[in-house]
Amino acid sequence: MRRRVIAGNWKMHMTCSQARDYMSAFLPLVADAPDDRDIVLAPPFTAISTVADIAAGSRVQLSSQNVHWQENGAFTAEISAEMLLEHKVKYTIVGHSEPRKYFSESDEQINHRARTAQGHGLIPIVCVGETDEQRERGEAERVIRRQIEQGLEGLDANKLVVAYEPIWAIGTGKTCESPEANRICGLIRSWVGATDLVIQYGGSVKPGNIDELMSMSDIDGVLVGGASLKPDGFARIANYQEA
Ligand code: 13P
């Protein structure tokens, strides 16, 4: 069975002291979670060290929210794989729709980030997904396929997570219906041609819809934004039981 990966993306939330409070509430709630799943938190860079220290020896693993493709250098505001590995970071989110939208990240840049991540032993979580307008114009599959083909070029599908995050479902409370999310995840799996590829769904995941989402055949995990900010709610998500 493919590994389950339940990840919380804190985005630009949580100071170090807030992260400490979160972790002391969260860790006891996930201590007995089943072994079939990785429980992952992606704090902002400033809180990674704090969360890593508290999470050591627990069920929680770390992700970053980005990684640069160069080893080091004059890249203001970026972060290198080596800097992340020092804090035992395991995953790194690349190609999220927010940097795609606000910083015009291209599929080529995303691919460079993901390749460098894999080269250092980090597992990239490569995000793909269509806008509302693209879905209404019937372009969703074409857009996602292009993101997959360009973003995943040259990557090892066994050391990778793909997150299908329809942009219209992010932070809107409008979850993609489970069968439709599952259909797109199945298409992604067939385009990549790797039966073992771990594929997440993301977009308004919450305690009330996690069990149904995780019972879908092609959904192996979730990437959670808003609902990962509350330790009890995210613990319920991490402790999901298939419907
Ligand atoms: P929400 O769960 O807040 O919709 O955010 C999803 C997301 O962008 C996770 O990366």
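Just follow the structure's listing: the first ligand is 1, and inside any ligand the first atom is 1. The structure presented is a predicted model; accordingly, all values stated were derived computationally and were not measured.
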>> More than 12 heavy atoms of other residues, nucleotides or ligands under 6.0 Å from CD of E82: yes or no?
In response: no
> How about K230: does its NZ atom have over 12 heavy atoms from other parts shown lying under 6.0 Å from it?
Replying inline: no
> Any Lys/Arg nitrogen of R4 or D36 sitting under 4.0 Å from an Asp/Glu carboxylate oxygen of the other?
Replying inline: no
>> Clusters formed by hydrophobic residues whose side-chain heavy atoms approach within less than 4.5 Å: which one holds I123, and what are its other members?
In response: V5, V40, Y91, I93, I125, V161, V198, L223
Once you restrict both partners to nitrogen or oxygen, which atoms of ligand 1 have a protein partner under 3.5 Å, and how far apart are they?
| from | atom 1 | to | atom 2 | distance (Å) |
| --- | --- | --- | --- | --- |
| ligand 1 | 2 (O) | G225 | N | 2.9 |
| ligand 1 | 3 (O) | G226 | N | 2.8 |
| ligand 1 | 4 (O) | G171 | N | 2.6 |
| ligand 1 | 4 (O) | S204 | N | 2.8 |
| ligand 1 | 5 (O) | K11 | NZ | 3.4 |
| ligand 1 | 8 (O) | K11 | NZ | 2.8 |
| ligand 1 | 8 (O) | H96 | NE2 | 2.8 |
| ligand 1 | 10 (O) | N9 | ND2 | 3.1 |
| ligand 1 | 10 (O) | H96 | NE2 | 2.9 |
| ligand 1 | 10 (O) | E165 | OE1 | 3.4 |
| ligand 1 | 10 (O) | E165 | OE2 | 3.1 |

> Does R37 count as lying over the ring of Y240, i.e. NZ or CZ under 6.0 Å from the six-ring centre, within 45 degrees of the axis?
Replying inline: yes
> Are side-chain heavy atoms of Y22 and M14 found at a separation under 4.5 Å?
Replying inline: yes
